[in-house]
Amino acid sequence: MTSKTSILKPRWSLAPLSIALLALLTVMYGPLLWHWVDGWLNKSISIQHEYFSHGLIGLPFAAYLAWSLRPQWRELPDRLHPAGIGLLAMASALYLSQLPDWMNISFPLMLAGLCITLKGLPGLKLMGFPLALVALATPSQLPYLIEPYILPLQSFIASVAGFLLMQAGIDVTVDQIYLRVNDQMVEVAPHCAGLKMLFTSLYVALMLIYWNDVWRSRLRTGLFLIATVGVSVFGNIIRNTLLSYFHGVGNKAAFAWLHDSWGGDLYSALLLLSLIFILRLIQTHVPSQLSLEVNSETAV
């Protein structure tokens, strides 16, 4: 009689190389990530970097996706690609520069370089979406570069907010991006024009599209992204209208609550939750693709 014994690999086990790489990444980027999180939570980071506070939900989600892809990662053959070495060298140089923005950018470059170095281009493709979430949550000067070009959006929001206040019988004058409410001046600044909320809304929309496999349908994906932009702009118009009203009537407590305190966070959370219901409506009532059938009868 013979007995067979099988050694089962623990579910959470990692290869020694993986453990070493995780430890190295933790030592290198742990303090940097903590700086991001602390700045986003306590709003002690620069305004431009605060635009990327969606990383509070995006980075954990990216880590979860990468962890869930471990079986597929293990099936890929080990394949060294020269581009991976180049990315690792570039990321190391940016990290060693000690310049904040360059150190930030080095993080997604380092992760992408490791994927290509260990598994080649198939590894990069497999981890493409988690890496995209990390890259889109990495603080940079992109908002600063975009802000000069959103003046039309600022003017549009100011005009619509002024129109809504006029309908309520409030004395208001609109001058480009400025609203004068009861002789109190309010400016629709770039940060208040909804650019941050637009970034966050599109980021969350990408997460929902991936999680619900909506990306397989171009029609549903396009409609959802358009609806996301619409919700973000409309929600910011209502917010600026309320802020202008509170400032104009001298209600400083309500203005501070919605502008600087947790009222603004609550308002943003409600807008993001509305995206879930919009996506459900699209999945229920919009087909995955349009099929046009033309029946033509020709008579001779």
Side-chain angles (χ1 to χ4, degrees), residues 38-57 139 141-205 225-278:
D38 179 68
W40 291 334
L41 289 176
N42 299 312
K43 298 183 179 180
S44 58
I45 206 167
S46 66
I47 293 179
Q48 282 75 25
H49 288 187
E50 194 178 331
Y51 278 76
F52 298 90
S53 59
H54 49 253
L56 289 172
I57 56 176
Q141 294 299 325
L142 179 62
Y144 177 78
L145 299 175
I146 295 177
E147 283 181 356
Y149 302 98
I150 65 168
L151 184 60
L153 177 60
Q154 295 172 252
S155 301
F156 173 74
I157 292 175
S159 299
V160 177
F163 174 78
L164 294 176
L165 291 173
M166 289 179 186
Q167 303 310 305
I170 299 173
D171 182 20
V172 57
T173 302
V174 179
D175 182 13
Q176 295 183 356
I177 63 173
Y178 298 96
L179 295 94
R180 183 181 294 275
V181 183
N182 295 335
D183 292 329
Q184 298 293 325
M185 187 66 71
V186 180
E187 177 188 3
V188 181
H191 187 66
C192 300
L195 188 60
K196 177 180 181 298
M197 191 61 208
L198 182 60
F199 276 21
T200 303
S201 299
L202 289 174
Y203 190 87
V204 172
L225 291 177
I226 293 173
T228 298
V229 174
V231 167
S232 178
V233 174
F234 176 76
N236 194 62
I237 289 174
I238 300 302
R239 181 175 180 269
N240 276 275
T241 302
L242 293 174
L243 288 172
S244 301
Y245 172 76
F246 293 148
H247 186 70
V249 300
N251 193 337
K252 296 182 180 180
F255 181 88
W257 175 76
L258 186 59
H259 188 266
D260 301 319
S261 187
W262 60 272
D265 297 332
L266 176 61
Y267 189 82
S268 300
L270 292 176
L271 287 180
L272 295 178
L273 285 175
S274 69
L275 297 181
I276 299 177
F277 296 102
I278 292 174

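All of these numbers come straight from a predicted model, not from anything done at the bench. Excluded from the calculations below are hydrogen atoms, water molecules and symmetry mates; all remaining heavy atoms, backbone and side chain alike, are included.
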More than 12 non-hydrogen atoms from neighbouring residues, nucleotides or ligands closer than 6.0 Å to [atom1] on [X], yes or no?
X	atom1	value
Tyr245	OH	no
Gln141	CD	yes
Tyr267	OH	yes

Measure across [X] and [Y] and return the closest heavy-atom pair with its distance rounded to 0.1 Å.
X	Y	value
Ala205	Leu225	CB-CD2, 4.2 Å
Pro139	Trp40	CG-CZ2, 3.8 Å
Gln154	Val188	NE2-O, 2.7 Å
Gly162	Leu179	N-CD2, 3.6 Å
Leu165	Ser244	CD1-CB, 3.8 Å

[X] side-chain N/O to [Y] backbone N/O, donor-acceptor pair under 3.5 Å:
X	Y	answer
Tyr203	Ile57	no
Asn240	Asn236	yes
Thr241	Ile237	yes
Arg239	Leu258	yes

Could you measure the distance from the [atom1] atom of [X] to the [atom2] atom of [Y]? Nearest 0.5 Å is fine.
X	Y	atom1	atom2	result
Arg180	His247	CZ	NE2	10.0 Å
Leu142	Tyr51	CG	OH	10.5 Å
Thr173	Met185	OG1	CE	8.5 Å
Ile278	Leu273	CD1	CG	11.0 Å
Ile146	Leu195	CD1	CG	6.0 Å

(request) Mind running side-chain contact (heavy atoms from CB on, under 4.5 Å) on Val186 and Leu243 for me, showing each step along the way? (result) CA-CA 9 Å; Val186 180; Leu243 288 172; 5.7 Å; no

(request) Can you spot which of Ser201, Ser232, Ser268, Ser53 makes a side chain to side chain donor-acceptor pair (under 3.5 Å) with Lys196? (result)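 Option passing the side chain to side chain donor-acceptor pair (under 3.5 Å) with Lys196: Ser53.
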
(request) Could you tell me how the ring of Trp262 sits relative to the ring of Trp257: parallel (under 30°), tilted (30 to 60°) or perpendicular (over 60°)? (result)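 Because their plane-to-plane angle is over 60°, the rings of Trp262 and Trp257 count as perpendicular.
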
(message) Go through it in stages, so that I can follow the logic: the residues are Leu272 and Leu275, the test is side-chain contact (heavy atoms from CB on, under 4.5 Å), and I'd like the CA-CA distance, side-chain angles, deciding distance and then a yes or no.
(response) CA-CA 5 Å; Leu272 295 178; Leu275 297 181; 4.1 Å; yes

